[in-house]
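Starting off with a structure, shown below.
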Amino acid sequence: MSSLTDTITVSAPAKIILFGEHAVVYHQPALAVPLSAIRVTVTRTPAAAPIFCAGSWTREFPADISEETLTDPVLKMAQATAKHLGITVPAARYEIASTIPPASGLGSGAAVSAAIGRAVAGGHVLPASVLNALVYDIERIHHGTPSGIDNTVIVYEQPVFFVRGSEPALFDVGQPIHLLVADTGRSALTKESVGDVRALVESQPEFALSRIHAIGDIVASAREALASGNISQLGELMHQNHALLRDLTVSSPELEALVNAATQAGALGAKLSGGGRGGNMIALVTPEARAAVSAALTAAGAVRVIETTLE
Ligand code: PMV
């Protein structure tokens, strides 16, 4: 077990949803993968009292306060983890550093919570299933009615086929999948887009639910296409998934510009990823087309393009 005189560093990755966002809130399946290249890191160093810092943001952990009166998600996560372990939040400086852009569909909130939980636990045993449940509770502050997909992919750092309320399953990838992840640079709150989809389900149930079920069917086909390595079908399914998300009102002019630019430059498929309205999109590319699509995304306004390969 690490002692309080040790310095420890822990981290958690970003995530991308390949297929099924928003519909997953309505118990349709979704496919998501970790994006290990960008992460939240927490470095815990000895200090006289618990203090949490991220750049110029600092919060001292109050000495005598109940969990109920804490509102800050970072402090709440620290408190919930310590409570689960039967300890008080260890006296230390917790320095949070992140390369995941916030409010951009990459799960930065869940990654912060996961890394804080690991830092507070230090050398105490904190099973992934427990950390996952603790992070989910904090996600409810950020999102209202999260499906649980973000915390699951981020805590386990594994690709998952996810259905709300069921045990997550891994999925097979028959052939390496090359993706570009492009950031519109516009932040957007998932809570708002999820709320707007809910309002659409209530005001136009037939229209909205037919799209949500169609997305579920696409996810099932995508799982098969991934397993068999049918890249061109996967690309077509991405286009279809994006069109249905557009119908659900969660695209944006910036996302449309990036999806169109990627398609015109030779991507096999492209779609928004995550909550939408801004944030990130993904493009499926061959290794040969990767550089041209990446350049087209930057020319169309992407503030960052990350390459990732699933194998
Ligand atoms: O925007 P993100 O990275 O938090 O992804 C949200 C995914 C949604 O399906 C839109 C919401 C959810 O809780 O699953």
Side-chain angles (χ1 to χ4, degrees), residues 12-35 38-40 73 98-114 132-133 135-157 159-166 168 179 181-201 208-209 211-216 218-219 222 241-242 244-252 254-255 271-282 304 306 308:
K15 69 97 206 353
I16 43 177
I17 297 181
L18 300 179
F19 292 94
E21 51 276 270
H22 286 288
V24 69
V25 174
Y26 299 87
H27 298 274
Q28 297 297 320
L31 291 163
V33 293
L35 188 57
I38 55 174
R39 314 182 68 84
V40 170
S98 178
T99 49
I100 310 175
S104 66
L106 298 179
S108 90
V112 169
S113 298
N132 196 27
V135 176
Y136 179 76
D137 282 345
I138 303 299
E139 285 290 281
R140 291 171 58 195
I141 305 172
H142 292 297
H143 284 194
T145 55
S147 64
I149 191 167
D150 280 22
N151 45 286
T152 302
V153 179
I154 284 167
V155 167
Y156 290 94
E157 201 162 349
V160 295
F161 174 82
F162 181 90
V163 180
R164 192 171 183 176
S166 305
L179 293 170
V181 184
D183 192 343
T184 60
R186 178 174 155 189
S187 60
L189 292 177
T190 299
K191 198 171 185 167
E192 278 175 21
S193 63
V194 169
D196 290 349
V197 171
R198 186 166 299 283
L200 194 68
V201 167
L209 291 173
R211 268 72 186 170
I212 286 168
H213 290 136
I215 292 174
I218 286 174
V219 175
N241 194 164
H242 181 74
L244 292 163
L245 288 165
R246 192 197 299 126
D247 284 355
L248 292 175
T249 77
V250 297
S251 191
S252 69
E254 295 87 348
L255 284 164
K271 64 179 278 293
L272 71 85
S273 180
R277 296 275 166 78
N280 281 266
M281 55 77 70
I282 54 175
R304 161 152 78 169
I306 296 170
T308 187

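Numbers here are sequence positions counted from 1. As the structure lists them, so they are numbered: ligands from 1, and atoms in each ligand from 1.
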Legend entry - Under 4.0 Å from ligand 1 - residues by heavy atom, chain and number: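 Lining ligand 1: Lys15, Ile17, Glu21, His22, Val24, Val25, Gly105, Leu106, Gly107, His143, Pro146, Ser147, Ile149, Asp150, Thr190, Val194, Gly274, Gly275.
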
Inset, instruction - Provide the closest heavy-atom pair for Ser193 versus Val250 in the form atom of the first, atom of the second, distance. - result: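 That closest heavy-atom pairing would be CB-CG1, 3.9 Å.
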
For residues 16-23, tabulate all N or O donor-acceptor pairs below 3.5 Å that involve a side-chain atom, not counting sequence neighbours.
from: Glu21; atom 1: OE1; to: Lys271; atom 2: NZ; distance (Å): 3.0
from: Glu21; atom 1: OE1; to: Gly274; atom 2: N; distance (Å): 2.8
from: Glu21; atom 1: OE2; to: Lys271; atom 2: NZ; distance (Å): 2.9
from: His22; atom 1: NE2; to: Gly275; atom 2: O; distance (Å): 2.8

Inset, instruction - Identify the two heavy atoms, one from Ser187 and one from Pro102, that lie closest to each other, and give their separation to 0.1 Å. - result: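 Of all heavy-atom pairs spanning Ser187 and Pro102, the closest is CB-O, 4.2 Å.
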
Legend entry - Taking every non-hydrogen atom, the tightest pair across Ser98 and Val40: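 Reported closest heavy-atom pair: OG-CG2, 3.4 Å.
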
Inset, instruction - Any salt bridge (Lys or Arg N to Asp or Glu O under 4.0 Å) involving residues 100-111? Give me the pairs, sequence neighbours left out, ordered by first then second residue. - result: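 For residues 100-111: none.
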
Legend entry - salt bridge (Lys or Arg N to Asp or Glu O under 4.0 Å) contacts in which one or both residues fall within residues 135-153, not counting sequence neighbours: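 For residues 135-153: Lys15-Asp150, Asp137-Arg140.
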
